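A short worksheet on the structure shown next.
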Protein chains: 2
Amino acid sequence: MSLTLQEKILQAAAELFYSQGIKATGVDAIAKAANTTKMSLYKYFPSKDELVLAFLRKRDQDFRAWFVEQIDARADTPKAKLLAVFDVIGEWMAIPEFRGCAFINAAAEFPLEGNPVHQVSAEFYDHFRSYIAGLAGQCGSKSPDSLALQLSLLVEGAIVSEQMKRHSGAAEQAKQAAIVLIEAA
Amino acid sequence: MSLTLQEKILQAAAELFYSQGIKATGVDAIAKAANTTKMSLYKYFPSKDELVLAFLRKRDQDFRAWFVEQIDARADTPKAKLLAVFDVIGEWMAIPEFRGCAFINAAAEFPLEGNPVHQVSAEFYDHFRSYIAGLAGQCGSKSPDSLALQLSLLVEGAIVSEQMKRHSGAAEQAKQAAIVLIEAA
DNA sequence: TTGCGACTATACCGATCGGTATACTTTGTT
DNA sequence: AACAAAGTATACCGATCGGTATAGTCGCAA
């Protein structure tokens, strides 16, 4: 445990932002959830916008570290790792707290391309695609970038589909489609 | 032209909701954009929530009618129609006003499953999948529901991907993936 | 000409928003 | 014992939110 006050605030903000939406979450609610006050919140984060960006940047780091760890624990070969991607997101989507992808949701809440929140969200998927492209390249795919983009479309589609309606089998179908696409490439 | 005042309000609300987000759009801004007042707005729509639902329901009707019209104008056979889906969304995503899918965005802004806005958004994609499944069935697919879900994942993924970063070639790659999946089914 | 319904204009309501000012308590260090 | 830093408590700011009350304007029909 023993979290810094700053970390406690960021953690409370993350849970509320993710579960309720960013614009739907006020700074008073964050301070109360972190068992502190607005004064302390604004000591560590100069504005709500900065707190939102801090939330997304931490989410980016945490999620990517957790994700590759999960993949590496399940598969050894690049091809098996590509397929394991869909098992990992399938399990993630099954937890009750699942509310879609924080970056997709943030980009939807801040639709302008120039908005920093939107940009940070876009960068996350750039990195995600690069990771998939790396695996695709190791598989000997002729066009790893194309395959990576296609697979990431399946991932994003599955996340959004599951967010809209739970337990619709999106992850399984995404994996079946991925098998076909990987085999064809 | 000659729109009803009610239609003018709904149209102004639709443009603002889609371009800026629902929670980011106040009723004052809608009334001003429609060249009217809040009083008239509340005469036709008892609350902002009802206005939001009216916006989504009209979007659902309009988009689906426009979509099948576009498909039918481009292809005759069921298989060609399935592929035309990706041409249509590709052209849609290319217009400068494109800001993703209004239903995906709405579901992200109202993340709780029980929320009426969330439910209306989920129904749209249910209908969309049914439409695709119908085409897949006419193609003689063994499992039209599976193919339909897979193709709709590509569509949703492409929309989200293009919303995150414009001109990333999502629609083209989605179509290439769809060709492989349709041929395999 | 009178009256009625649609619409406008404007001021207002309580609540909440993001953000700040001020004063107080706690804690560890020297 | 004294002081500074960290954090709390609380009240406040102007702005905006969704929604309403009231009075007035306009065109049209009897």
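Please read these numbers as outputs of a predicted model, since none were measured by experiment. Side chains included, hydrogens not; waters and symmetry mates left out as well; all remaining heavy atoms used. In what follows, chains are A, B, ... by sequence order, proteins preceding strands, each numbered from 1.
Cation-pi geometry between Arg59(B) and Tyr18(B) is met: under 6.0 angstrom from the ring centre, within 45 degrees of the axis. The side-chain tip of Lys23(B) points at the ring of Phe110(B) from less than 6.0 angstrom away and within 45° of straight on.
With contacts defined as side-chain heavy-atom distances shorter than 4.5 Å, the pair Lys8(A)/Thr36(A) does not qualify. Within the 4.5 Å cutoff, the side chain of Phe17(B) has no heavy atoms near those of the Leu56(B) side chain.
Distance CG (Asp49(A)) to C1' (dG18(C)): 9 Å, rounded to an integer number of Å. Rounded to an integer number of Å, the gap from CG of Leu51(A) to C1' of dG19(C) is 13 Å. Rounded to whole Å, the distance from NZ on Lys8(B) to C1' on dC7(C) is 11 Å. Whole-Å rounding puts the Gln20(B) CD to dT16(D) C1' distance at 15 Å. Rounded to a whole Å, the CD atom of Glu7(B) is 16 Å from the C1' atom of dA6(C).
The ring of Phe63(A) has its center no closer than 6.0 angstrom to the ring center of Phe103(A).
DNA chain C is contacted by Met39(B), Ser40(B), Lys43(B), Tyr44(B) of residues 38-45 of chain B, taking any non-hydrogen atom closer than 4.0 Å. Sorted by residue number, the list of members of residues 107-120 of chain B with any non-hydrogen atom under 4.0 Å from DNA chain D is empty. Taking a 4.0 Å limit (strictly below) on heavy-atom distances, residues 29-37 of chain A reaches DNA chain D at Asn35(A), Thr36(A), Thr37(A).
Side-chain atoms of His127(B) come within 3.5 Å of backbone atoms of Glu123(B) as a donor-acceptor pair (strictly under, hydrogens ignored). Of the possible polar contacts, one joining the Thr77(B) side chain to the Ala80(B) backbone as a donor-acceptor pair under 3.5 Å is found. No side-chain donor-acceptor contact under 3.5 Å links Arg64(B) to the backbone of Phe124(B).
Closest contact between the side chain of Leu5(A) and the listed nucleotides dC17(D), dG19(C), dG7(D) involves dG7(D).
By the 4.0 Å N-to-carboxylate-O rule, Asp28(B) lies too far from Lys32(B) to be salt-bridged with it. Ionic pairing of Lys81(B) and Asp72(B) is present here: one or more N-O contacts between side-chain nitrogen and carboxylate oxygen are shorter than 4.0 angstrom.
Both Asp28(A) and Thr4(B) sit near DNA chain C, but only Thr4(B) has its closest nucleotide nearer the 5' end.
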### Message
Pair Glu183(A), Lys79(A) - check salt bridge (Lys or Arg N to Asp or Glu O under 4.0 Å), show working.
### Response
CA-CA 10 Å; Glu183(A) 224 56 45; Lys79(A) 191 175 179 179; 3.2 Å; yes
